[in-house]
Amino acid sequence: MRQLKEIPFKKEKPIFEKLEQILDIANLSPEELEEYEQSLERYTELQYDLAVEYGVEQGRQGEKLDIARKMKAVGVPVETITSCTSLSFEEINAL
């Protein structure tokens with residue numbers, strides 16, 4: 001039995017876990033399958049919404065940095081840039 005534990009099956013574990021998930025889904029009743037699919041759809045929509053929100057926020061941050069970079073290039077004081085963009089002194093000085 002000790003020998004069996006030493007056989008390198010650990011690298012195969014993800015395959016068996018995925019197979020178990022597939023079998024669990026295949027054994028669902030029609031009602032459970034419908035519930036599972038609805039849950040999966042809600043999860044996918046949530047992931048999409050979060051990705052869009054993250055992308056929009058990243059875009060806004062990038063725009064702020066671009067504006068701050070341009071303002072700094074023409075000599076606008078850092079205090080003014082900070083009040084206009086809501087960026088920190090450190091972020092502006094790093095530009």
Stepwise side-chain contact (heavy atoms from CB on, under 4.5 Å) test for Glu45 and Glu41: CA-CA 6 Å; Glu45 289 171 359; Glu41 186 175 324; 3.5 Å; yes
Candidate pair Met71 and Ile67, rule side-chain contact (heavy atoms from CB on, under 4.5 Å), full reasoning: CA-CA 6 Å; Met71 292 174 79; Ile67 291 167; 3.7 Å; yes
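More than 12 heavy atoms of other residues, nucleotides or ligands lie within 6.0 Å of CD in Glu17, so this atom counts as buried by the packing criterion. In this structure, Gln61 places its CD atom where more than 12 heavy-atom neighbours from other residues, nucleotides or ligands lie under 6.0 Å away.
Lys18 is not listed as a side-chain neighbour of Ile15, based on a closest heavy-atom distance of 4.5 Å or more. Residues Cys84 and Ile81 are not in side-chain contact: their nearest non-hydrogen atoms beyond the backbone lie 4.5 Å or more apart. Contact check for Thr44 versus Tyr48: no side-chain heavy atoms found under the 4.5 Å cut-off. Contact check for Thr82 versus Leu87: no side-chain heavy atoms found under the 4.5 Å cut-off. Proximity of Glu32 to Glu37: side-chain heavy atoms (C-beta onward) are nowhere separated by under 4.5 Å. Between Val74 and Val76 the shortest side-chain heavy-atom distance falls below 4.5 Å.
Residues Leu23 and Tyr36 fall into different hydrophobic clusters, defined by Ile, Leu, Val, Met, Phe, Trp and Tyr side chains chained together at heavy-atom separations under 4.5 Å.
Judged by distance alone, the side chain of Lys72 and the main-chain N or O of Val78 form no donor-acceptor pair under 3.5 Å.
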